[in-house]
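Worksheet: one structure, shown below.
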Amino acid sequence: MIDVAVIGGGPAGLSAAEVAAGAGLSVAVFEAKPSFGRKFLMAGKSGLNLTHVEALDQLLSRYAEAETVLAPAIRAFDNAALVAWAEGLGQEMFTGSSGRIFPRAMKASPLLRAWMARLTDFGVALRPRHRWIGWQENAPVFEGHGPQPARAVVLACGGASWARLGSDGAWADFAHLPIAPFAAANAGIAVHWTEHMAPHFGRAIKGVAWRAGAQRSRGEAVLSARGLEGGGIYSVSRGVREAAPLYVDLMPDQTVDQVAQRLAKPRGKASRANHLRKAVRLDPIKTALLHEWGRPLPLEPIPLARRIKKLRVAHAGLRPMDEAISTAGGVLFDALDDKFMLRARPGVFCAGEMLNWEAPTGGYLLTACFATGRAAGQGVVDYLAAAAR
(Lines give C-alpha, C1' and ligand atoms only; values in the text may rest on other atoms or scores of the structure.)
Protein backbone atom coordinates (compact mmCIF):
# COMPACT_ATOMS: atom_id res chain seq x y z
CA MET A 1 0.00 0.00 0.00
CA ILE A 2 1.29 3.46 -0.89
CA ASP A 3 1.17 6.31 1.58
CA VAL A 4 -0.58 8.86 -0.64
CA ALA A 5 -2.76 8.62 -3.74
CA VAL A 6 -3.14 11.95 -5.51
CA ILE A 7 -6.00 12.05 -8.01
CA GLY A 8 -5.47 14.74 -10.64
CA GLY A 9 -2.27 15.68 -12.44
CA GLY A 10 -2.70 19.45 -12.62
CA PRO A 11 -0.91 22.11 -10.53
CA ALA A 12 -2.87 21.39 -7.33
CA GLY A 13 -2.31 17.64 -7.48
CA LEU A 14 1.34 17.88 -8.44
CA SER A 15 1.92 20.44 -5.66
CA ALA A 16 0.39 18.10 -3.09
CA ALA A 17 2.54 15.25 -4.42
CA GLU A 18 5.70 17.37 -4.20
CA VAL A 19 5.09 18.28 -0.55
CA ALA A 20 4.16 14.74 0.49
CA ALA A 21 7.06 13.10 -1.37
CA GLY A 22 9.46 15.75 -0.09
CA ALA A 23 8.49 14.63 3.43
CA GLY A 24 9.55 11.07 2.62
CA LEU A 25 6.13 9.58 1.87
CA SER A 26 5.48 7.18 -1.02
CA VAL A 27 3.23 8.95 -3.50
CA ALA A 28 1.43 8.06 -6.73
CA VAL A 29 -0.32 10.62 -8.94
CA PHE A 30 -3.24 9.27 -10.95
CA GLU A 31 -4.32 11.22 -14.03
CA ALA A 32 -7.21 10.34 -16.34
CA LYS A 33 -5.52 11.76 -19.44
CA PRO A 34 -2.46 10.28 -21.23
CA SER A 35 -0.26 13.13 -19.94
CA PHE A 36 -0.07 15.53 -17.02
CA GLY A 37 -0.77 19.25 -16.69
CA ARG A 38 -2.80 19.66 -19.87
CA LYS A 39 -4.74 22.72 -18.72
CA PHE A 40 -1.50 24.14 -17.31
CA LEU A 41 0.10 23.76 -20.74
CA MET A 42 -2.91 25.45 -22.36
CA ALA A 43 -2.45 28.40 -20.00
CA GLY A 44 1.12 28.57 -21.24
CA LYS A 45 -0.06 29.26 -24.78
CA SER A 46 -0.91 32.78 -23.67
CA GLY A 47 2.36 33.18 -21.77
CA LEU A 48 1.66 31.30 -18.50
CA ASN A 49 0.61 34.09 -16.16
CA LEU A 50 1.75 32.27 -13.03
CA THR A 51 0.88 34.87 -10.38
CA HIS A 52 0.65 38.62 -9.72
CA VAL A 53 3.11 41.01 -8.12
CA GLU A 54 0.58 42.99 -6.05
CA ALA A 55 0.72 43.20 -2.25
CA LEU A 56 -0.58 40.11 -0.49
CA ASP A 57 -3.62 41.74 1.14
CA GLN A 58 -4.73 43.09 -2.22
CA LEU A 59 -4.08 39.72 -3.87
CA LEU A 60 -6.16 37.93 -1.23
CA SER A 61 -9.08 40.30 -1.81
CA ARG A 62 -9.40 38.92 -5.37
CA TYR A 63 -10.90 35.73 -3.92
CA ALA A 64 -14.01 37.57 -2.67
CA GLU A 65 -16.03 35.51 -0.19
CA ALA A 66 -13.45 32.69 -0.26
CA GLU A 67 -10.66 35.01 0.94
CA THR A 68 -10.94 33.99 4.60
CA VAL A 69 -10.64 30.25 3.99
CA LEU A 70 -7.97 30.51 1.28
CA ALA A 71 -5.83 33.09 3.08
CA PRO A 72 -3.86 30.70 5.34
CA ALA A 73 -2.86 28.50 2.39
CA ILE A 74 -1.90 31.45 0.18
CA ARG A 75 0.00 33.19 2.98
CA ALA A 76 1.96 29.97 3.47
CA PHE A 77 2.83 29.82 -0.23
CA ASP A 78 2.29 33.31 -1.60
CA ASN A 79 3.13 34.97 -4.90
CA ALA A 80 6.75 35.54 -3.90
CA ALA A 81 7.13 31.91 -2.86
CA LEU A 82 5.60 30.73 -6.13
CA VAL A 83 8.07 32.83 -8.12
CA ALA A 84 10.97 31.49 -6.03
CA TRP A 85 9.74 27.93 -6.60
CA ALA A 86 9.63 28.42 -10.38
CA GLU A 87 13.09 30.00 -10.36
CA GLY A 88 14.30 27.03 -8.33
CA LEU A 89 13.25 24.88 -11.26
CA GLY A 90 15.48 26.92 -13.56
CA GLN A 91 12.81 29.25 -14.96
CA GLU A 92 13.68 32.92 -15.12
CA MET A 93 10.63 35.06 -14.30
CA PHE A 94 9.66 38.64 -15.15
CA THR A 95 6.89 41.05 -14.23
CA GLY A 96 4.84 42.62 -17.01
CA SER A 97 3.56 46.19 -17.09
CA SER A 98 0.22 45.08 -15.62
CA GLY A 99 1.88 43.40 -12.64
CA ARG A 100 1.36 39.89 -13.99
CA ILE A 101 4.30 37.53 -13.57
CA PHE A 102 5.43 35.20 -16.37
CA PRO A 103 8.31 32.85 -17.13
CA ARG A 104 10.82 34.47 -19.45
CA ALA A 105 10.20 31.54 -21.83
CA MET A 106 6.52 32.65 -22.06
CA LYS A 107 5.30 29.06 -22.03
CA ALA A 108 4.55 26.30 -19.55
CA SER A 109 6.35 23.32 -21.05
CA PRO A 110 9.91 24.00 -19.73
CA LEU A 111 8.57 24.55 -16.21
CA LEU A 112 6.37 21.45 -16.34
CA ARG A 113 9.23 19.28 -17.62
CA ALA A 114 11.53 20.43 -14.83
CA TRP A 115 8.78 19.89 -12.27
CA MET A 116 8.00 16.38 -13.47
CA ALA A 117 11.71 15.54 -13.35
CA ARG A 118 11.85 16.72 -9.74
CA LEU A 119 8.84 14.58 -8.83
CA THR A 120 10.45 11.56 -10.47
CA ASP A 121 13.64 12.22 -8.48
CA PHE A 122 11.47 12.30 -5.33
CA GLY A 123 10.20 8.82 -6.23
CA VAL A 124 6.68 9.89 -7.17
CA ALA A 125 4.92 7.27 -9.31
CA LEU A 126 3.20 8.94 -12.28
CA ARG A 127 0.22 6.97 -13.49
CA PRO A 128 -1.56 8.43 -16.54
CA ARG A 129 -4.70 6.90 -18.06
CA HIS A 130 -6.15 6.23 -14.62
CA ARG A 131 -9.68 7.62 -14.51
CA TRP A 132 -11.15 7.74 -11.03
CA ILE A 133 -14.67 6.27 -10.93
CA GLY A 134 -15.50 5.94 -7.24
CA TRP A 135 -14.66 4.26 -3.96
CA GLN A 136 -14.35 0.70 -2.74
CA GLU A 137 -14.54 1.12 1.01
CA ASN A 138 -11.77 3.71 1.56
CA ALA A 139 -9.77 2.96 -1.59
CA PRO A 140 -10.19 4.99 -4.78
CA VAL A 141 -11.19 2.86 -7.77
CA PHE A 142 -9.87 3.53 -11.28
CA GLU A 143 -11.49 2.44 -14.53
CA GLY A 144 -9.74 -0.67 -15.83
CA HIS A 145 -7.35 -0.78 -12.89
CA GLY A 146 -9.56 -1.44 -9.87
CA PRO A 147 -9.01 -0.13 -6.34
CA GLN A 148 -5.66 1.42 -5.35
CA PRO A 149 -5.41 1.41 -1.55
CA ALA A 150 -3.55 4.26 0.10
CA ARG A 151 -3.15 5.56 3.64
CA ALA A 152 -4.32 9.01 2.50
CA VAL A 153 -5.88 10.46 -0.65
CA VAL A 154 -5.68 13.94 -2.18
CA LEU A 155 -8.46 14.83 -4.60
CA ALA A 156 -7.38 17.51 -7.08
CA CYS A 157 -9.83 16.74 -9.85
CA GLY A 158 -10.36 20.21 -11.28
CA GLY A 159 -13.54 22.08 -12.05
CA ALA A 160 -15.95 21.66 -14.94
CA SER A 161 -14.49 23.64 -17.82
CA TRP A 162 -12.25 22.50 -20.66
CA ALA A 163 -13.39 18.86 -20.53
CA ARG A 164 -11.04 17.92 -23.36
CA LEU A 165 -8.13 18.85 -21.11
CA GLY A 166 -9.43 16.76 -18.21
CA SER A 167 -11.54 19.19 -16.18
CA ASP A 168 -14.98 17.78 -16.87
CA GLY A 169 -16.48 17.80 -13.38
CA ALA A 170 -17.53 14.15 -13.77
CA TRP A 171 -16.31 13.36 -10.25
CA ALA A 172 -19.25 15.30 -8.83
CA ASP A 173 -21.63 12.49 -9.94
CA PHE A 174 -19.98 9.71 -7.93
CA ALA A 175 -17.67 11.21 -5.29
CA HIS A 176 -20.54 11.75 -2.82
CA LEU A 177 -19.15 15.09 -1.73
CA PRO A 178 -21.13 18.17 -0.63
CA ILE A 179 -20.79 20.65 -3.48
CA ALA A 180 -22.17 23.92 -4.78
CA PRO A 181 -23.33 23.57 -8.41
CA PHE A 182 -20.76 24.42 -11.03
CA ALA A 183 -21.11 27.68 -12.97
CA ALA A 184 -19.00 29.41 -15.61
CA ALA A 185 -16.38 31.90 -14.40
CA ASN A 186 -14.03 34.07 -16.47
CA ALA A 187 -16.27 33.37 -19.43
CA GLY A 188 -17.02 35.08 -22.72
CA ILE A 189 -20.34 36.80 -23.46
CA ALA A 190 -22.66 35.56 -26.20
CA VAL A 191 -23.92 38.32 -28.51
CA HIS A 192 -26.23 38.02 -31.51
CA TRP A 193 -24.80 40.75 -33.73
CA THR A 194 -26.54 42.49 -36.57
CA GLU A 195 -24.92 42.20 -40.00
CA HIS A 196 -23.18 45.56 -39.90
CA MET A 197 -20.83 44.32 -37.13
CA ALA A 198 -19.25 41.59 -39.30
CA PRO A 199 -16.38 43.82 -40.59
CA HIS A 200 -15.23 44.25 -36.99
CA PHE A 201 -14.96 40.56 -36.08
CA GLY A 202 -11.55 39.73 -34.68
CA ARG A 203 -10.77 43.29 -33.64
CA ALA A 204 -9.91 44.44 -30.14
CA ILE A 205 -12.04 46.91 -28.19
CA LYS A 206 -9.60 49.14 -26.30
CA GLY A 207 -9.87 52.14 -24.02
CA VAL A 208 -13.28 51.30 -22.57
CA ALA A 209 -14.63 50.38 -19.13
CA TRP A 210 -17.00 47.48 -18.47
CA ARG A 211 -19.38 47.14 -15.55
CA ALA A 212 -21.75 44.41 -14.38
CA GLY A 213 -22.99 44.63 -10.82
CA ALA A 214 -20.04 44.92 -8.44
CA GLN A 215 -17.50 43.99 -11.11
CA ARG A 216 -15.54 46.68 -12.93
CA SER A 217 -12.88 46.37 -15.62
CA ARG A 218 -10.75 48.59 -17.87
CA GLY A 219 -9.49 45.58 -19.79
CA GLU A 220 -9.65 44.93 -23.50
CA ALA A 221 -12.13 42.66 -25.23
CA VAL A 222 -12.15 41.00 -28.62
CA LEU A 223 -15.24 41.17 -30.79
CA SER A 224 -15.95 37.85 -32.51
CA ALA A 225 -18.81 36.34 -34.48
CA ARG A 226 -19.94 34.61 -31.28
CA GLY A 227 -19.75 37.59 -28.95
CA LEU A 228 -17.12 39.15 -26.69
CA GLU A 229 -14.00 37.54 -25.26
CA GLY A 230 -10.91 38.71 -23.41
CA GLY A 231 -9.72 39.90 -20.03
CA GLY A 232 -12.02 42.92 -19.87
CA ILE A 233 -15.07 40.70 -20.29
CA TYR A 234 -13.83 37.85 -18.10
CA SER A 235 -13.44 40.29 -15.22
CA VAL A 236 -17.14 41.18 -15.25
CA SER A 237 -18.55 37.78 -16.19
CA ARG A 238 -19.52 37.01 -12.61
CA GLY A 239 -21.84 40.01 -12.60
CA VAL A 240 -23.38 38.84 -15.87
CA ARG A 241 -23.79 35.34 -14.47
CA GLU A 242 -25.60 36.81 -11.48
CA ALA A 243 -28.02 38.63 -13.83
CA ALA A 244 -26.63 42.15 -13.46
CA PRO A 245 -26.94 44.30 -16.61
CA LEU A 246 -23.71 44.79 -18.53
CA TYR A 247 -22.63 48.32 -19.48
CA VAL A 248 -19.69 49.70 -21.39
CA ASP A 249 -18.31 53.22 -21.03
CA LEU A 250 -16.88 54.18 -24.41
CA MET A 251 -15.08 57.24 -23.02
CA PRO A 252 -14.04 56.31 -19.46
CA ASP A 253 -11.52 59.14 -19.10
CA GLN A 254 -14.12 61.85 -19.75
CA THR A 255 -17.10 62.94 -17.66
CA VAL A 256 -20.61 63.18 -19.07
CA ASP A 257 -20.31 66.98 -19.09
CA GLN A 258 -17.00 66.89 -20.95
CA VAL A 259 -18.42 64.57 -23.60
CA ALA A 260 -21.55 66.74 -23.88
CA GLN A 261 -19.44 69.87 -24.38
CA ARG A 262 -17.68 68.22 -27.30
CA LEU A 263 -20.96 67.11 -28.82
CA ALA A 264 -22.43 70.62 -28.46
CA LYS A 265 -19.87 72.15 -30.82
CA PRO A 266 -21.39 73.43 -34.08
CA ARG A 267 -21.26 70.79 -36.75
CA GLY A 268 -21.62 73.04 -39.76
CA LYS A 269 -22.20 71.09 -42.94
CA ALA A 270 -20.86 67.85 -41.51
CA SER A 271 -23.24 64.93 -41.33
CA ARG A 272 -24.31 63.84 -37.88
CA ALA A 273 -22.18 60.71 -38.19
CA ASN A 274 -19.08 62.73 -39.15
CA HIS A 275 -19.74 65.25 -36.40
CA LEU A 276 -20.02 62.46 -33.86
CA ARG A 277 -16.77 60.93 -35.09
CA LYS A 278 -14.86 64.21 -35.06
CA ALA A 279 -16.33 65.68 -31.87
CA VAL A 280 -15.71 62.76 -29.53
CA ARG A 281 -13.13 60.89 -31.61
CA LEU A 282 -14.64 57.46 -31.23
CA ASP A 283 -12.74 54.92 -33.26
CA PRO A 284 -14.68 52.83 -35.81
CA ILE A 285 -15.30 49.88 -33.51
CA LYS A 286 -16.62 52.08 -30.68
CA THR A 287 -18.81 53.93 -33.15
CA ALA A 288 -20.15 50.61 -34.41
CA LEU A 289 -20.94 49.50 -30.86
CA LEU A 290 -22.73 52.77 -30.17
CA HIS A 291 -24.95 52.24 -33.21
CA GLU A 292 -25.39 48.53 -32.43
CA TRP A 293 -26.62 49.01 -28.88
CA GLY A 294 -27.52 52.71 -28.63
CA ARG A 295 -30.10 53.32 -31.34
CA PRO A 296 -32.08 55.44 -31.65
CA LEU A 297 -29.35 57.84 -30.65
CA PRO A 298 -30.53 60.87 -28.64
CA LEU A 299 -30.39 64.17 -30.49
CA GLU A 300 -29.37 66.40 -27.57
CA PRO A 301 -25.74 66.47 -26.35
CA ILE A 302 -26.31 65.52 -22.69
CA PRO A 303 -28.55 62.48 -23.32
CA LEU A 304 -26.19 61.32 -26.08
CA ALA A 305 -23.19 61.79 -23.78
CA ARG A 306 -24.93 59.71 -21.16
CA ARG A 307 -25.54 57.00 -23.74
CA ILE A 308 -21.85 57.00 -24.72
CA LYS A 309 -20.81 56.83 -21.08
CA LYS A 310 -23.27 54.10 -20.10
CA LEU A 311 -24.11 51.96 -23.10
CA ARG A 312 -26.08 48.87 -22.16
CA VAL A 313 -24.71 45.74 -23.83
CA ALA A 314 -27.41 43.58 -25.41
CA HIS A 315 -26.25 39.99 -24.97
CA ALA A 316 -27.45 36.41 -24.61
CA GLY A 317 -25.62 35.52 -21.40
CA LEU A 318 -22.35 33.73 -20.85
CA ARG A 319 -20.82 31.35 -23.34
CA PRO A 320 -21.14 27.63 -22.39
CA MET A 321 -19.41 26.53 -19.20
CA ASP A 322 -17.03 24.19 -20.98
CA GLU A 323 -15.61 27.21 -22.84
CA ALA A 324 -14.99 29.15 -19.64
CA ILE A 325 -11.47 29.58 -18.32
CA SER A 326 -12.59 28.40 -14.89
CA THR A 327 -15.68 27.54 -12.90
CA ALA A 328 -17.32 28.61 -9.68
CA GLY A 329 -18.86 25.94 -7.46
CA GLY A 330 -17.36 22.74 -6.14
CA VAL A 331 -16.66 21.15 -2.77
CA LEU A 332 -18.00 23.29 0.06
CA PHE A 333 -15.43 24.63 2.51
CA ASP A 334 -17.73 23.76 5.40
CA ALA A 335 -17.09 20.10 4.53
CA LEU A 336 -13.33 20.56 5.12
CA ASP A 337 -11.21 21.20 8.17
CA ASP A 338 -8.46 23.81 8.23
CA LYS A 339 -6.04 21.39 6.57
CA PHE A 340 -8.39 20.75 3.62
CA MET A 341 -9.37 17.30 4.91
CA LEU A 342 -12.96 16.13 4.46
CA ARG A 343 -14.63 16.00 7.87
CA ALA A 344 -16.74 13.03 6.78
CA ARG A 345 -13.78 11.13 5.27
CA PRO A 346 -10.68 11.29 7.46
CA GLY A 347 -7.55 10.93 5.38
CA VAL A 348 -9.14 12.37 2.22
CA PHE A 349 -8.10 15.91 1.26
CA CYS A 350 -9.31 18.27 -1.49
CA ALA A 351 -7.44 20.99 -3.38
CA GLY A 352 -7.48 23.25 -6.42
CA GLU A 353 -10.34 24.19 -8.70
CA MET A 354 -12.61 21.45 -7.40
CA LEU A 355 -13.13 23.62 -4.30
CA ASN A 356 -15.88 26.23 -4.19
CA TRP A 357 -13.97 29.41 -5.00
CA GLU A 358 -13.41 31.63 -8.00
CA ALA A 359 -11.01 34.41 -8.91
CA PRO A 360 -10.31 36.64 -11.90
CA THR A 361 -7.60 35.94 -14.43
CA GLY A 362 -4.27 37.60 -13.77
CA GLY A 363 -2.41 34.80 -12.02
CA TYR A 364 -4.90 34.39 -9.18
CA LEU A 365 -6.28 31.06 -10.38
CA LEU A 366 -2.90 29.35 -10.52
CA THR A 367 -1.77 30.99 -7.28
CA ALA A 368 -4.64 29.42 -5.35
CA CYS A 369 -4.26 26.05 -7.08
CA PHE A 370 -0.60 25.83 -6.09
CA ALA A 371 -1.29 27.08 -2.56
CA THR A 372 -4.21 24.78 -1.80
CA GLY A 373 -2.36 21.83 -3.33
CA ARG A 374 0.62 22.42 -1.07
CA ALA A 375 -1.66 22.96 1.94
CA ALA A 376 -3.42 19.66 1.27
CA GLY A 377 -0.06 17.95 0.85
CA GLN A 378 1.11 19.32 4.21
CA GLY A 379 -2.20 18.24 5.69
CA VAL A 380 -1.49 14.69 4.52
CA VAL A 381 1.99 14.79 6.06
CA ASP A 382 0.59 15.97 9.39
CA TYR A 383 -2.28 13.46 9.32
CA LEU A 384 -0.05 10.46 8.65
CA ALA A 385 2.50 11.62 11.22
CA ALA A 386 -0.24 11.83 13.84
CA ALA A 387 -1.58 8.40 12.85
CA ALA A 388 1.88 6.90 13.33
CA ARG A 389 2.23 8.20 16.87
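In this text, all values refer to a predicted model and were calculated from it rather than measured experimentally.
Residue pairs meeting the salt bridge (charged side-chain N to carboxylate O under 4.0 Å, His left out) criterion with at least one partner in residues 35-48, sequence neighbours excluded, are K39-E353. Listed by first and then second residue, the salt bridge (charged side-chain N to carboxylate O under 4.0 Å, His left out) pairs involving residues 95-104 are E92-R104 (not counting sequence neighbours).
Aromatic ring pairs are classed by plane angle as parallel below 30°, tilted from 30° to 60° and perpendicular above 60°; the pair F370 and F40 is perpendicular.
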Could you list the donor-acceptor pairs under 3.5 angstrom formed between side-chain atoms of residues 373-384 and any protein atom two or more places apart in sequence or on another chain?
residue	atom	partner	partner atom	Å
Q378	NE2	D382	OD1	3.0
D382	OD2	K339	NZ	3.0

Enumerate, atom names and distances included, each donor-acceptor pair closer than 3.5 Å involving a side-chain atom of residues 3-17, sequence neighbours excluded.
residue	atom	partner	partner atom	Å
D3	OD1	R151	NH1	2.9
D3	OD2	S26	N	2.8
D3	OD2	S26	OG	3.1
S15	OG	P11	O	2.7

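Partners of W193 according to the side-chain hydrogen bond (donor to acceptor under 3.5 Å, both in side chains) rule, which considers only residues two or more places apart in sequence or in another chain, do not exist here. With sequence neighbours excluded, the residues that form a side chain to side chain contact (heavy atoms under 4.5 Å, CB included) with A359 are Y63, W357, Y364, L365. Residues forming a side-chain hydrogen bond (donor to acceptor under 3.5 Å, both in side chains) with R345 (at least two apart in sequence, or on another chain): none. Remark: E323 pairs with R226, R319 by the salt bridge (charged side-chain N to carboxylate O under 4.0 Å, His left out) rule, at least two apart or across chains.
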(request) Go through the steps for L311 and D249 under the test side-chain contact (heavy atoms from CB on, under 4.5 Å), then give the verdict. (result) CA-CA 6 Å; L311 181 62; D249 181 347; over 6 Å; no

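The hydrophobic cluster around V141 extends to I133, counting ILVMFWY residues whose side-chain heavy atoms fall within less than 4.5 Å of a member. With a 4.5 Å cut-off between side-chain heavy atoms of Ile, Leu, Val, Met, Phe, Trp and Tyr, the cluster of L165 takes in M42, W162. The hydrophobic cluster containing V222, built from Ile/Leu/Val/Met/Phe/Trp/Tyr side-chain heavy atoms closer than 4.5 Å, comprises no other residue. Think of F102 as one node in a network of Ile, Leu, Val, Met, Phe, Trp and Tyr side chains linked at under 4.5 Å; its network also takes in F94, M106.
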